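Data first, discussion second: the structure below is written as structure tokens.
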Protein chains: 2
Amino acid sequence: MFHFRDQDYRCSSEIVMRLVSGKWKLAILYVLSQTSLRYHELQKRLPDATQRMLTMQLRELERDELVVRKVYPVVPPKVEYSLSELGIQMVPLLNALCDFGTLYMESPLRNHSKADTSSVQYQ
Amino acid sequence: MFHFRDQDYRCSSEIVMRLVSGKWKLAILYVLSQTSLRYHELQKRLPDATQRMLTMQLRELERDELVVRKVYPVVPPKVEYSLSELGIQMVPLLNALCDFGTLYMESPLRNHSKADTSSVQYQ
DNA sequence: CGGTATCCGGCGCGATACTG
DNA sequence: CAGTATCGCGCCGGATACCG
């Protein structure tokens with residue numbers, strides 16, 4: 001059913017989990033998939049993320065080379081974030097996650113009373 | 001680039017994250033995608049998972065209706081775990097995760113020295 | 001055989017204040 | 001404007017022991 005050997009499958013899929021595990025990473029990848037943004041613009045689109053968390057998540061995404069951070073040496077400071085090549089290649093997967101999420105929520109196979117689907121509220 | 005509205009996307013994809021977030025969930029879904037298994041057989045395939053964790057992860061997967069737990073009222077006890085309909089529908093997504101993980105690890109775009117790709121060892 | 005119960009530590013994340 | 005620094009807590013998961 002899977003087309004990978006045990007080792008391949010478990011390692012590879014868990015690598016992806018590590019890449020996107022973090023409270024704001026999916027949201028960041030999402031907004032950056034639409035357009036590059038400066039730090040403050042990201043803040044405005046993710047109003048519930050604290051400065052600290054937003055910076056931490058961006059740093060990790062940058063370290064993992066899904067996001068590119070470009071600093072313009074001007075005053076006042078200007079920093080622009082965008083998806084890297086790898087980040088862009090990840091977009092179809094993110095859409096697939098979304099597709100299954102929607103399928104799951106709307107599935108008649110699901111007993112809607114059991115699973116707690118409450119989630120963070122975005123503006 | 002994404003084909004969802006903000007709300008749809010962020011909520012739906014994070015639902016999936018919540019479903020599979022947990023140390024052994026991907027591994028469990030993987031082995032169950034190949035065959036139904038009794039508890040002790042699962043233990044043998046996931047030798048690094050403690051009893052406590054294995055049970056907890058299975059209970060959550062059952063609660064979220066990705067896995068079915070069937071109890072046979074016999075002595076000694078017999079319990080069999082298998083993927084639910086929803087769990088089976090999730091398999092292509094799990095493969096997609098694996099595909100990107102492999103792509104990511106092998107990508108020439110990646111600076112291999114930076115990202116820490118060490119992972120749990122499976123037997 | 002297929003689990004629970006209890007105790008405990010690490011770390012992801014929040015709140016708040018400060019800075020080049 | 002775009003960040004650090006510090007403090008603290010909840011909870012995920014490990015270790016160990018016990019049970020119907």
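Computed from a predicted structure; not experimentally measured. In what follows, chains carry the letters A, B, and so on, assigned in the order in which the sequence lines appear, proteins first and then strands, with residues in each chain numbered from 1.
Annotation: side chain to side chain contact (heavy atoms under 4.5 Å, CB included) contacts of A:L37 (sequence neighbours excluded): A:V31, A:L32, A:T35, A:E41, A:L42, A:R45. Not counting sequence neighbours, the partners of A:Q51 by the side chain to side chain contact (heavy atoms under 4.5 Å, CB included) test are A:Y39, A:Q43. Under the rule for a side chain to side chain contact (heavy atoms under 4.5 Å, CB included), the partners of A:V68 that lie at least two apart in sequence or sit in another chain are A:S82, A:S84. Qualifying side chain to side chain donor-acceptor pair (under 3.5 Å) partners for A:Y81, counting only residues two or more places apart in sequence or in other chains: A:R59, A:R69. With sequence neighbours left out, the side chain to side chain donor-acceptor pair (under 3.5 Å) criterion links B:E60 to B:K25.
Counting only residues at least two apart or on different chains, no salt bridge (charged side-chain N to carboxylate O under 4.0 Å, His left out) pair has a member in residues 73-98 of chain B.
Per the geometry, CE belonging to B:M17 stands 10 Å off P belonging to C:dC13, to the nearest Å. The interatomic distance linking A:K25 (NZ) with C:dC13 (C1') rounds to 13 Å, in whole Å.
Direction of the helix axis in the helix from C:dC1-D:dG20 to C:dG20-D:dC1 shifts by 60° between the two five-pair termini, rounded to 10°.
Side chain of A:R110 to backbone of B:E65: no donor-acceptor contact under 3.5 angstrom is found. Under the 3.5 Å distance criterion, the side-chain polar atoms of B:S107 are left unmatched by any main-chain donor or acceptor of B:L103.
Of all heavy-atom pairs spanning B:L83 and B:S33, the tightest one is CD1-CA, 3.7 Å. Smallest separation of non-hydrogen atoms from B:D64 and A:Y104: O-OH, 2.7 Å.
B:E60 comes within 4.0 angstrom of no nucleic acid atom, judged by non-hydrogen atoms across all strands.
Connectivity analysis of hydrophobic side chains (ILVMFWY, heavy atoms under 4.5 Å, direct or indirect) links B:V75 to nothing; its cluster partners are none. Think of B:V74 as one node in a network of Ile, Leu, Val, Met, Phe, Trp and Tyr side chains linked at under 4.5 Å; its network also takes in B:Y72.
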If you restrict it to nitrogen or oxygen atoms, what contacts under 3.5 Å exist between nucleotides 1-3 of chain C and the protein, and what is each distance?
{"unit_1": "C:dC1", "atom_1": "O3'", "unit_2": "B:R38", "atom_2": "NH2", "d": "3.3"}
{"unit_1": "C:dC1", "atom_1": "O3'", "unit_2": "B:P77", "atom_2": "O", "d": "3.1"}
{"unit_1": "C:dG2", "atom_1": "OP1", "unit_2": "B:R38", "atom_2": "NE", "d": "3.0"}
{"unit_1": "C:dG2", "atom_1": "OP1", "unit_2": "B:R38", "atom_2": "NH2", "d": "2.9"}
{"unit_1": "C:dG2", "atom_1": "OP1", "unit_2": "B:V79", "atom_2": "N", "d": "3.3"}
{"unit_1": "C:dG2", "atom_1": "OP2", "unit_2": "B:H40", "atom_2": "N", "d": "3.2"}
{"unit_1": "C:dG3", "atom_1": "OP1", "unit_2": "B:R59", "atom_2": "NH2", "d": "3.3"}
{"unit_1": "C:dG3", "atom_1": "OP1", "unit_2": "B:R69", "atom_2": "NE", "d": "3.3"}
{"unit_1": "C:dG3", "atom_1": "OP1", "unit_2": "B:R69", "atom_2": "NH2", "d": "2.5"}
{"unit_1": "C:dG3", "atom_1": "OP2", "unit_2": "B:Y81", "atom_2": "OH", "d": "2.8"}
{"unit_1": "C:dG3", "atom_1": "O3'", "unit_2": "B:R59", "atom_2": "NH2", "d": "3.3"}
{"unit_1": "C:dG3", "atom_1": "N7", "unit_2": "B:Q51", "atom_2": "OE1", "d": "2.6"}
{"unit_1": "C:dG3", "atom_1": "N7", "unit_2": "B:Q51", "atom_2": "NE2", "d": "3.0"}
{"unit_1": "C:dG3", "atom_1": "O6", "unit_2": "B:Q51", "atom_2": "OE1", "d": "2.8"}

Tabulated below should be each protein N or O lying under 3.5 Å from an N or O of nucleotides 14-16 of chain C; please produce it.
{"unit_1": "C:dG14", "atom_1": "OP1", "unit_2": "A:K23", "atom_2": "NZ", "d": "2.5"}
{"unit_1": "C:dG14", "atom_1": "N7", "unit_2": "A:R52", "atom_2": "NE", "d": "3.4"}
{"unit_1": "C:dG14", "atom_1": "O6", "unit_2": "A:R52", "atom_2": "NE", "d": "3.4"}
{"unit_1": "C:dG14", "atom_1": "O6", "unit_2": "A:R52", "atom_2": "NH2", "d": "3.4"}

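Note that the first and last nucleotides of DNA chain D, 5' to 3', having any atom under 4.0 angstrom from a heavy atom of chain B are D:dG13 to D:dG20.
Expressed to the nearest 0.5 Å, how far CG of B:L93 lies from SG of B:C98 amounts to 11.5 Å.
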